[in-house]
Amino acid sequence: MEKRQQSLAYRPSKTQWIWGNKPLWIAAFLAVAALLSFLKPVVLGDGGAVTYFSLFVLWLITFTYGPKTGLVAGLFFGLAKAGITYITGESMSFAPGALVLEYPLACAAFALGAVALRGGDASQRDTKGMILGYLIGVAGMLVCYVISAQLFYAPEFADPLQNLLFNIVYDGSYLAIEVVLTLLVLCIPQVREVIYYVRRAATVKLGDPTLNSY
């Protein structure tokens, strides 16, 4: 009887392959972020839109796996986002420099948020780092957008400083809306716990003793 119980205890779970499967989880994060990019409750006439938390899901790749993986994933997601923007009919510039700045570079900027993380293993509940890193990533994206607007879009005002301020306010407006919505959702403790559990599942093999704390 005892041997049978030991045999059952060590029998592989049907879902064991999901735990710590980095390629699978990166693909899942990118797929969810891409899907959410299609859902735009607010779209501005000259380009730019609010999505349902797609930027935060993109940030979760860096939050889970670090800046190197987040950088590469951001570059790939930026290319996908360019396609999504075109498919959904949102206004966009086709100047090569604008495409590079507003999509791959802007999305890769979320890897910068890693400077806010404490480091260590994924068992740590780093709420401050999670939120601050996300805000740094959004700020990096805003910088890319504003530089692109300055270089590749017709100016709204003759005065360069006035035009710069306009671009900051314009691009910052829809990013700020998404940030506020995201932060409100992150105020819910259960949401944060789900994020930490997903982060743990994405980095640790099933059976790791540290999973007992979850």
Side-chain angles (χ1 to χ4, degrees), residues 5-39 51-81 84 104 106-138 140-141 178-214:
Q5 289 178 341
Q6 290 177 348
S7 176
L8 291 174
Y10 290 101
R11 181 176 295 176
S13 169
K14 292 181 180 180
T15 60
Q16 188 171 1
W17 60 277
I18 296 176
W19 291 79
N21 190 333
K22 184 175 179 179
L24 172 70
W25 283 100
I26 292 175
F29 283 133
L30 289 175
V32 172
L35 177 62
L36 294 176
S37 293
F38 277 101
L39 307 176
T51 70
Y52 290 110
F53 318 112
S54 67
L55 300 182
F56 183 75
V57 175
L58 175 62
W59 155 244
L60 286 180
I61 299 176
T62 298
F63 181 62
T64 302
Y65 293 114
K68 292 182 180 179
T69 301
L71 176 65
V72 175
L75 292 172
F76 277 102
F77 178 74
L79 297 176
K81 192 172 187 292
I84 292 170
C107 293
F110 276 87
L112 296 173
V115 301
L117 301 179
R118 291 185 303 186
D121 60 48
S123 65
Q124 295 178 321
R125 286 170 165 78
D126 186 8
T127 301
K128 180 180 178 181
M130 176 176 65
I131 293 175
L132 182 57
Y134 167 67
L135 294 177
I136 291 173
V138 174
M141 174 173 273
E178 185 162 340
V179 165
V180 170
L181 292 175
T182 301
L183 295 181
L184 288 175
V185 171
L186 290 176
C187 288
I188 303 172
Q190 291 83 351
V191 172
R192 297 196 301 271
E193 286 304 307
V194 168
I195 292 170
Y196 292 132
Y197 190 85
V198 168
R199 186 190 189 203
R200 193 62 177 157
T203 54
V204 175
K205 295 294 184 181
L206 190 63
D208 189 294
T210 58
L211 288 176
N212 293 333
S213 61
Y214 283 75

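All figures in this text were calculated on a predicted structure; none of them were measured in a lab.
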Value rounded to 0.5 Å, distance of [atom1] in [X] from [atom2] in [Y]:
X	Y	atom1	atom2	answer
Leu55	Met141	CG	CE	5.0 Å
Leu35	Ile84	CG	CD1	8.5 Å
Ile61	Phe76	CD1	CZ	11.5 Å
Ile131	Cys187	CD1	SG	7.0 Å

How close do [X] and [Y] get, counting heavy atoms only, and between which atoms?
X	Y	result
Pro104	Leu75	O-CD2, 3.6 Å
Ala108	Leu71	CB-CD1, 3.6 Å
Leu36	Ser54	CB-CB, 3.8 Å
Ile136	Ala116	CD1-CB, 4.1 Å
Thr62	Ala114	CG2-CB, 3.8 Å
Gly74	Cys107	O-CB, 3.2 Å

Checking Thr69 against Lys22: is there a side-chain donor and acceptor pair closer than 3.5 Å?
yes
Decide side-chain contact (heavy atoms from CB on, under 4.5 Å) for Leu186 and Ile195; before the verdict, give the C-alpha distance in whole Å, the side-chain angles of both, and the deciding distance to 0.1 Å.
CA-CA 10 Å; Leu186 290 176; Ile195 292 170; 3.6 Å; yes
Is there a donor-acceptor pair under 3.5 Å between the side chain of Arg125 and the backbone N or O of Tyr196?
no
Please answer whether the main-chain N or O of Ile18 pairs with a side-chain N or O of Trp25 as donor and acceptor at a distance below 3.5 Å.
yes
Given the rule in the side-chain contact (heavy atoms from CB on, under 4.5 Å) test, do Thr51 and Glu178 qualify, once you have shown the distances and angles that lead to the verdict?
CA-CA 7 Å; Thr51 70; Glu178 185 162 340; 2.9 Å; yes
Parallel, tilted or perpendicular: ring planes of Tyr65 versus Phe29, cut at 30 and 60 degrees
perpendicular
Criterion side-chain contact (heavy atoms from CB on, under 4.5 Å) against Leu58, the qualifying member of Phe110, Phe53, Tyr134
Phe110
Show your working on side-chain contact (heavy atoms from CB on, under 4.5 Å) between Trp59 and Met130 and close with a plain yes or no.
CA-CA 9 Å; Trp59 155 244; Met130 176 176 65; 4.0 Å; yes
Heavy-atom check, side chain of Val198 versus side chain of Thr64, under 4.5 Å:
no
